[in-house]
Amino acid sequence: MFRKILIANRGEIACRIIATARRLGIATVAVYSEADAGARHTRLADEAWPIGAAPARDSYLSIPRIIDVARRSGAEAIHPGYGFLSENAAFAEACAEAGIVFIGPPPSAIRAMGSKAESKALMERSGVPLVPGYHGEAQDPALLMDAAKRIGFPVLIKASAGGGGKGMRVVESVNDFLPALEGAQREALASFGDDRVLVEKYLSRPRHIEIQVFADTQGNTVSLFERDCSIQRRHQKVLEEAPAPGMDLTRRQAMGDAAVAAARAVGYVGAGTVEFIAEGDAFYFMEMNTRLQVEHPVTEMVTGLDLVEWQLRVAAGERLPLPPEGLSIRGHAIEARIYAEDPGRDFLPSTGRLAHLRQPHAVPGKVRVDTGVRQGDAITPHYDPMIAKLIVWGEDRPAAVRRLTAALAEYEVVGLETNLGLLRAIVAHPAFGTADLDTGFIARHAARLLPDDTASSVADEAVVLAAAALAAVRAQDLAIQSAARASGDPWSPWAAVDAWRMNGDGYQDLHFRRGDGVTLALRTHPLPDGTFRLDLPSGPVSASLEEDPDGLLLTVDGVSRRLSATRRGAEVTVIVGGRNHTLVQVDPLAPPRVETAGGDRVTAPIPARVTRILVAPGDSVAKNAPLLVIEAMKMELTLRAPMEGTIAQVMHAVGEMVEEGTELVTFAAGPDSA
Ligand code: ADP
């Protein structure tokens, strides 16, 4: 076994790999970009080396820098994690040339599976079932259109070099084919430098079922069973589970055999995942990922294995730790990916500091949280916006769903938008409960899953206001106490925080503004026993707020609830019942805030890089016309014209980084504007 390994990755997966290495007594070398100085993975590792600037191509994608650190630190092997260089055959070769073991498959296997089209041709020859489609070399549009007609609409155009759902277009009818083809080719060229596409039958309600395979260097290849990853947004996984609901033994065997055949066909070694799309009783090969998957923990939970340990053993030349007869599934596991994104705004990634982060309590074998961040860390625009993975295990699926529900209710994040509300809504949905899963689940149930802006109930509002008010009073008390301590005079009248309460009718008026702009007024009356009477808009209540090691406990008219309240300046976020409620404390005597006109400005909604400019000064555009494309966190965003008009200025060039709120395009004053 290795004595020291380097982890060429960041975030939760770097932390995950370090944990296993440590358990096995293997020393770890972390690498980090400027944006990740002091990040969790750098503190967990035995050593952490800087490798460059924040953009991935200057750091986590820099083969020479990573090889150089491996050499200088004396690492014998490199674990690439997922993403970044994990499926880069040139990196695997560079490791070999430097005499360092690449913890992954041989470069030839990475190459063979690197192209969706070529891997499909190879799978066809190996007898692995494929979705009916065209994956040939010839790319003449007329020929592709003929193929689409032969396959029958709807069809799916996919970038051959694709990944992350980029360069993918669903085409409903023959008239839409050519424009969709152009779009897919353009996106493919921009993202992968390769505009080749394939065309296949678009299945209307498929499930995504994948098989975890493992192979050693002695010719043993096994299936570690399946995962169902059908709950997706934008063709990207959100919830994954093992085993797949409704999977019978015959089908599991058939899919396992097909996956093992796929792995053998490319001389596979190490951990890999063969992805299938399944509809009815049929299943078809989609692609093979030649690395550890994000969702590997659900397989670990139901098999009791540590897949990173298997990777390390195989890379060190050992045999697979268990033969196929030694493998079995116990219970049910589900993983939820917690993302910094706004489901209400088409899953726009969200950046910022995690002002408050409370994760569910880990329970060995039952509740696991894999994360790369701590409270106070920032989610930056440079990398994937995943905050954490929450993985739960139960004796059966209903037990796992219950445990996931409870764990999601414990999750608290303040400081940026997250998909926690969406995850809770999915898990609570009856169709999820009955495992009526397919890849269109989120889109089909959107009305019930995506947040609506209806105000919370009056009862909720009373609790939220009471919490906000008492948190404000408490913050004042603490500020006064620390001012007194700082003044060095503990007997200063400032230290007598509750003197004003003694006279019985000392009260304080507070005002909070809700998200919808409505200001709520309330009066707090401190009582001699440390509790309060609050005159809320809904009427008077008695209330108290206590803090103990488990957090805050708010009691309103005798009913106590656990909640959290996080203050950032004048803003207070109360989390109760798993929902964030943000209020802003306002001074009613202050002059009203002048809202800057935002409706007709074109600004970057998040920090991003400008990737395409579609208009020039002098162009006249219709309302909603695409103006430019920006890219952040592996996602492309098209910014559209807020109104009809003439473009005056395009303020940034392709390739430039822009901050959130930066104005990107201005309009010439129209004839009707003053
Ligand atoms: P990428 O590598 O870009 O993520 P994949 O080929 O893995 O693309 O497909 C991603 C997702 O797209 C799948 O999980 C599935 O939801 C959907 N998908 C792929 N192929 C088809 C198809 N033929 N019919 C319907 N949906 C599909």
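Sequence positions, counted from 1, serve as the residue numbers for this chain. Whatever order the structure lists them in is the order used to number ligands and atoms, beginning at 1. Quick caveat: nothing in here was measured; it's all calculated off a predicted structure.
Under a cutoff of 6.0 Å and an axis angle of 45°, Arg397 and Phe432 form a cation-pi pair.
Below 30°, between 30° and 60°, or above 60°: for His429 and His445 the angle between ring planes is between 30° and 60°, a tilted geometry.
Taking the six-membered ring where the residue is Trp, the centroids of Tyr60 and Tyr383 are separated by under 6.0 Å.
Each of Lys116, Leu156, Lys158, Gly163, Gly164, Gly165, Met168, Glu200, Lys201, Tyr202, Leu203, Pro206, His208, Gln232, His235, Gln236, Glu275, Ile277, Met286, Glu287, Thr439 has a non-hydrogen atom positioned under 4.0 Å from some atom of ligand 1.
For the residue pair Gln232 and Thr439, no side-chain donor N or O sits within less than 3.5 Å of a side-chain acceptor on the partner. Looking at Thr273 and Arg227, their side chains do bring a donor and an acceptor atom within 3.5 Å of each other.
Applying the side chain to side chain contact (heavy atoms under 4.5 Å, CB included) rule to Thr638 yields the partners Pro626, Val629, Arg640; only residues at least two apart in sequence or on another chain are considered.
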